[in-house]
Undergrad: 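Before we start, here is the structure in question, set down as structure tokens.
Treat the numbers as computed from the prediction; the structure is a model and nothing was measured. Both counts, for ligands and for their atoms, begin at 1 and track the order of listing. The figures here come from the full heavy-atom set of this structure, side chains too, leaving out hydrogens, waters and symmetry mates.
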Amino acid sequence: MDINGTMLWYYNVCKREVWLMSRSIVPDQHDENVDIGRFIHERTYKRNNKEISFGNVKFDVIFKSKKQITIGETKKTSKYAEASKWQLMYYLNQLKDAGINAKGVLLYPEEKKRTEIELTDESQEKLQRMCLDIEKICALKRPPSVKKVPFCKKCAYRQYCYS
Ligand code: SF4
């Protein structure tokens, strides 16, 4: 299956979730965290928000100046900043492969915070290793076992894992 930015996010939070996504096992759509995420996505940065599709990538926000393209990703919380960073790195890498050098910014509207993200040679190598590992996880016959992580409390798959 095609890897996408969301999988990079999950990979950095829970490997089991990567496998569940790869099998199109849909999380609980009525989970309050799914709803809040959607609400923020739809309502924030409306002025700039022209969601743009590029291959299998969708960007939340794009800020353009004459010299620089900056893509943005809106998040509810900076608690999973590391995972969000790699999601955005993945998008930057996709653009780079297409000859577009862009920068990224993670936006946390509820915290009034933003973090600049830049794709370096080192991060590009790390990203490639993560993508290879994601492929290996997706090829497993069974999901990785449940490992309690902080995200379990908020995860829309928690009924699936813990019942
Ligand atoms: S409930 Fe926890 S172990 Fe299960 S998929 Fe979600 S984060 Fe992973």
Undergrad: What distance do Leu88 atom CG and Ile71 atom CD1 have between them, rounded to the nearest 0.5 Å?
TA: 5.0 Å

Undergrad: Which protein atoms of type N, O or S are found under 2.8 Å from atom 2 (Fe) of ligand 1?
TA: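 Only Cys152 SG fall inside 2.8 Å of atom 2 (Fe) of ligand 1.
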
Undergrad: Listed by chain and number, what are the side-chain hydrogen bond (donor to acceptor under 3.5 Å, both in side chains) partners of Ser163, not counting sequence neighbours?
TA: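 With neighbours one apart ignored, the set is empty.
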
Undergrad: Would you give me the side-chain donor-acceptor pairs under 3.5 Å for residues 137-147, sequence neighbours excluded?
TA:
none

Undergrad: Mind checking salt bridge (Lys or Arg N to Asp or Glu O under 4.0 Å) for Lys15 and listing every partner two or more places apart, or none if nothing turns up?
TA: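 For Lys15 there are no salt bridge (Lys or Arg N to Asp or Glu O under 4.0 Å) partners, ignoring immediate neighbours.
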
Undergrad: Got a sec: does the CG of Asp121 have more than 12 other heavy atoms crowding it under 6.0 Å?
TA: no

Undergrad: Looking only at heavy atoms, what is the nearest atom pair of Tyr108 and Ser78, with distance?
TA: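 For Tyr108 and Ser78, the tightest heavy-atom pair comes out as CE2-CA, 3.4 Å.
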
